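The structure appears right after this line, and notes come after that.
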Amino acid sequence: MSYVSRPVRKKDAMALVTGKPVYTDDLAPKDCLVVKVLRSPHANAWIEEIKTGTARQVNGIAAVYTYKDVPKKRFTLAGQTYPELSPYDHYILDRRLRFVGDAVAIVAGETEEAVDKALKRIKVKYQVDQPVLDMHKAKDADILVHPEEDWEAKIPVGADNKRNLCASGLEESGDVDKILGECKYTVDRTYHTKANQQAMMETFRTYCYMDHFGRLNVVSSTQIPFHVRRILGNALDIPSSKVRVIKPRIGGGFGAKQTSVCEIYPAFVTWMTGRPSKIIYSRYESQICASPRHEMEIRVRAGADENGIVRAIDVYTLSNAGAYGEHSPTTVGLSGHKSIALYRHTEAYRFAYDVVYTNVQAAGAYRGYGATQGIYAVESAVNELAEIMGMDPVKIRELNMPLQGEPLPAYGDCDTAESCTMDQCMERAKEMMNWDEKYPCKDLGNGKVRGVGVAMAMQGSSIAGIDVGGADMKLNEDGSYTLGLGCADMGTGCDTILAQMAADCMETSIDNIVVFGVDTDISPYDSGSYASATTYTTGMAVVQSCQELRGKICALGAKILQADPEEVNFDGEFVFTDEEHKVSLKDIAIQGTCGNSQELQVTRTYSSPVSPPPFMVGMAEVEVDKETGSTKVIDYVAVVDCGTPINPNLVRVQTEGGIAQGIGMALYEDIQYNEKGAVRNNSFMQYKIPSRLDIGDIRVEIRGSYEPTGPFGAKSVGELVIDTPCPAIAAAVYNATGVRVRELPITPEKIAMGILQKESEK
């Protein structure tokens, strides 16, 4: 192969580094109305009266809308395949306001200055009620976040708005309590992860315009173009055929843009006024009314026999949906399915969960999608189990980890690991970290101690039986190919990876493959870029469309050569029977587009019945100042099994980026609310994300396997790589200090207070 498994430069690399206008705001027409949203100062309130007269009188104001002006039809903003598992609990604007930052009114004007002035002139009288801010108190509370009668759950996920439940469920196999009672060693621990912001560089932004057919055109920085089309159709109460969605280059998403956070506001303005409009979220808005990671509290009970075999795992997850339910019923499932399955000998398991509504900003999708929280809890519990047993935490994992051909308990989408090199990943990570010499810690003197920790992780490759990838492969008259895709490249390089596959399938230069981005009018249907689906699912659609197109090229070449189609071959340049009898691809292309009844274009979609997991081992070395509790990551080694790495460079940078985000979750990031429900850290001055100075040395290696159901043997890698830092760093801190911090982030204050408490107990 010329391109697969090669470090090919990204297709759009030069456009980005030379500052070409490729992003949403770069492309928006200059005459767009500026759209902004007036936001609620209260966490739980009713609008008793709203006066917009003086706001409408501001020079340059085109429109002001309130809850009185919008369709009274519930919908969800979650980017999911229909029927969505997330409840229909939104209006475009509602009289009831459910968090500080909820939308009160929409203002559109000629200039930002005019809109800002009008926003200040809107007078609102609120009836303020007591909010429910603590997820522990939300279930069956007297205060209801969604008391409305037209709230609707399309799918039975255990939701009940009259109990503040967005989802609830129980899955179990075997008698957990009986087997735990038989285990020589058990742990029962609770772990708490806080909400985190995705903090992508490009904030939420969209512009809209009406075309001459009277259709709403939406250009948006989104991961889910086809879902946005359906969501806007639902919200505006118009046929989806009246909506066209185009995705330009995205400046990062990490799951945040799997929720249709901002599109509805300019879409409504343009639909009502007929004028182009745009909305650009400030960083402040992206902090207070976005779609952060779900806060979760997870109780883990686990038991092992005298030989270190983990026999039973019991996981209960309490998840905080926030004010609306987008992605909440689905995210919670991964906290159990992706963590319990890491232990192949498990004879019995129980996974129960409650997802509750509260009066804080709605949570959404974030890289890892619930697996990050669950793996932190289960891997931390196993580290504690290993300590009770007096066993090296590497050893207990070697005894229990997933192996090729072995079971994956509770995983659901695959009964066994058909492709797995977890054992090789662990062996190599141990060598890279020099584990045997460094474990558990080294005292450097001067109050500085270095500790090491380990964790393993698995994720998935698409949502089995649901996610759809689409690809359209066309031979052009000059012998080049156009690859039309429905998935959204958000900086991950999927356009490049899929072009690599197409180039090898067609035996041509990658420069001969023209890739165009998503336009719901002309692109093949694709669920979107989420759930680690693109390389695996859309990749198979690319391979299948290329295979079929090769057949059509051979058939036309055989016709020109007056040969039997079964007698010809195709080498990327010629269709031939032998050296003397051949016809060039360019000649075939010309005949295929001029006067030929056989179209040299193939569209294929693909949905996998399974979701083969990628695997990873991560090891962290941290240095802790025992006087202050200050912690810094010195070294992080990661070894990944993503099947066949289509582009090793992109695998490496994906892994490095995910680890950096995981370090942020472990040590720094924490969305905090005051007693009235307002976000305390509403800018990067208060919300700390790690810089290059905070992440130490990150070293990545690949130990690939071959996944028989994937394109060229590939699996996913995008989400997996954020899952190991939290438990590995937590273990390293414990090994350095003897302090177990079971609530993230692991701050210097928590470590220092833990050390003081240990000293006072001596």
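What you see is a predicted model, and the numbers here were worked out from it, not measured in a lab.
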Interatomic distance, [X] atom [atom1] to [Y] atom [atom2] [nearest 0.5 angstrom]:
{"X": "Ile513", "Y": "Thr496", "atom1": "CD1", "atom2": "OG1", "result": "12.0 Å"}
{"X": "Gln361", "Y": "Ile288", "atom1": "CD", "atom2": "CD1", "result": "7.5 Å"}
{"X": "Asp26", "Y": "Arg249", "atom1": "CG", "atom2": "CZ", "result": "11.5 Å"}
{"X": "Leu232", "Y": "Ile92", "atom1": "CG", "atom2": "CD1", "result": "8.5 Å"}

Contact summary for [X] and [Y], nearest pair of heavy atoms:
{"X": "Gly470", "Y": "Pro524", "answer": "C-CG, 3.5 Å"}
{"X": "Pro329", "Y": "Val157", "answer": "CB-CG2, 4.1 Å"}
{"X": "Val35", "Y": "Ile279", "answer": "O-CG1, 3.3 Å"}
{"X": "Thr206", "Y": "Cys262", "answer": "OG1-SG, 3.3 Å"}
{"X": "Val515", "Y": "Ala499", "answer": "CG2-CB, 3.8 Å"}
{"X": "Leu77", "Y": "Phe75", "answer": "CD2-CE1, 3.5 Å"}

Should [X] and [Y] count as side-chain neighbours, where that means a heavy-atom distance under 4.5 Å?
{"X": "Val542", "Y": "Tyr606", "value": "no"}
{"X": "Gln198", "Y": "Gln258", "value": "no"}
{"X": "Gln197", "Y": "Ile671", "value": "yes"}
{"X": "Phe99", "Y": "Pro131", "value": "no"}
{"X": "Tyr88", "Y": "Asn234", "value": "yes"}
{"X": "Phe516", "Y": "Ile522", "value": "yes"}
{"X": "Leu38", "Y": "Val124", "value": "yes"}
{"X": "Cys208", "Y": "Phe268", "value": "no"}

Intermediate values then yes/no, side-chain contact (heavy atoms from CB on, under 4.5 Å), Leu498 and Leu483: CA-CA 9 Å; Leu498 297 170; Leu483 176 59; 4.3 Å; yes
Is [X] reaching over with its side chain to a backbone N or O of [Y], donor-acceptor style, under 3.5 angstrom?
{"X": "Ser221", "Y": "Ile250", "answer": "no"}
{"X": "Asn164", "Y": "Ile143", "answer": "yes"}
{"X": "Thr358", "Y": "Leu133", "answer": "no"}
{"X": "Tyr687", "Y": "Ala199", "answer": "no"}
{"X": "Asn359", "Y": "Val132", "answer": "yes"}
{"X": "Thr520", "Y": "Val245", "answer": "yes"}
{"X": "Glu295", "Y": "Lys194", "answer": "no"}
{"X": "Gln223", "Y": "Ala488", "answer": "no"}
{"X": "Arg283", "Y": "Met201", "answer": "yes"}
{"X": "Arg95", "Y": "Ile47", "answer": "yes"}

For the residue pair [X] and [Y], confirm or rule out a side-chain donor-acceptor distance under 3.5 Å.
{"X": "Thr330", "Y": "Tyr369", "result": "yes"}
{"X": "Asn674", "Y": "Arg680", "result": "no"}
{"X": "Tyr536", "Y": "Asp467", "result": "no"}
{"X": "Ser260", "Y": "His227", "result": "no"}
{"X": "Arg367", "Y": "Gln654", "result": "yes"}
{"X": "Glu326", "Y": "Thr259", "result": "no"}
{"X": "Ser220", "Y": "Glu263", "result": "yes"}
{"X": "Gln287", "Y": "Asn681", "result": "no"}
{"X": "Gln686", "Y": "Ser683", "result": "yes"}

With a cut-off of 6.0 Å (strictly less than), are more than 12 heavy atoms of other residues, nucleotides or ligands near [atom1] of [X]?
{"X": "Lys162", "atom1": "NZ", "result": "yes"}
{"X": "Asp142", "atom1": "CG", "result": "no"}
{"X": "Lys73", "atom1": "NZ", "result": "yes"}

Show me the pairs that pass ring pair (Phe, Tyr, Trp, His ring centres under 6.0 Å) and involve residues 17-60, at least two apart or across chains.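 Applying ring pair (Phe, Tyr, Trp, His ring centres under 6.0 Å) to every pair that reaches into residues 17-60, excluding sequence neighbours, yields His42-Tyr126.
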Residues [X], [Y]: salt bridge by 4.0 Å N-O rule:
{"X": "Arg215", "Y": "Asp521", "result": "yes"}
{"X": "Arg293", "Y": "Glu669", "result": "no"}
{"X": "Lys11", "Y": "Asp495", "result": "no"}

Residue pair His90, Ile264: steps toward the side-chain contact (heavy atoms from CB on, under 4.5 Å) verdict: CA-CA 11 Å; His90 275 277; Ile264 189 60; over 6 Å; no
Among Arg96, Arg98, Gln130, whose side-chain hydrogen bond (donor to acceptor under 3.5 Å, both in side chains) with Asn44 holds?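 One option only clears the test, and that one is Arg96.
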Quick check on side-chain hydrogen bond (donor to acceptor under 3.5 Å, both in side chains): which of His327, Arg230, Lys154 does Glu84 satisfy it with?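 The residue from His327, Arg230, Lys154 that satisfies side-chain hydrogen bond (donor to acceptor under 3.5 Å, both in side chains) with Glu84 turns out to be Arg230.
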Before you tell me yes or no, could you show the steps for Ile50 and Ile122 under side-chain contact (heavy atoms from CB on, under 4.5 Å), namely the whole-Å CA-CA distance, both residues' side-chain angles and the distance that decides it to 0.1 Å? CA-CA 7 Å; Ile50 183 165; Ile122 298 174; 3.9 Å; yes
Within residues 99-118 or reaching into it, pairs that qualify as side chain to side chain donor-acceptor pair (under 3.5 Å) - sequence neighbours excluded: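 Checked against side chain to side chain donor-acceptor pair (under 3.5 Å) - neighbours excluded - the pairs reaching residues 99-118 are Lys36-Glu112, Lys36-Asp116, Asp102-Tyr324, Glu110-Arg275.
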Got a sec, which residues hit ring pair (Phe, Tyr, Trp, His ring centres under 6.0 Å) with Tyr525, two or more places apart in sequence or on another chain?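 Result, ring pair (Phe, Tyr, Trp, His ring centres under 6.0 Å) vs Tyr525: Phe226.
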Full working for side-chain contact (heavy atoms from CB on, under 4.5 Å) between Val145 and Asp89: CA-CA 10 Å; Val145 179; Asp89 53 13; over 6 Å; no
When you measure from the centre of the six-membered ring of Tyr91, is the NZ or CZ of Arg74 closer than 6.0 Å and no more than 45° off the axis?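 Yes, Arg74 and Tyr91 form such a contact.
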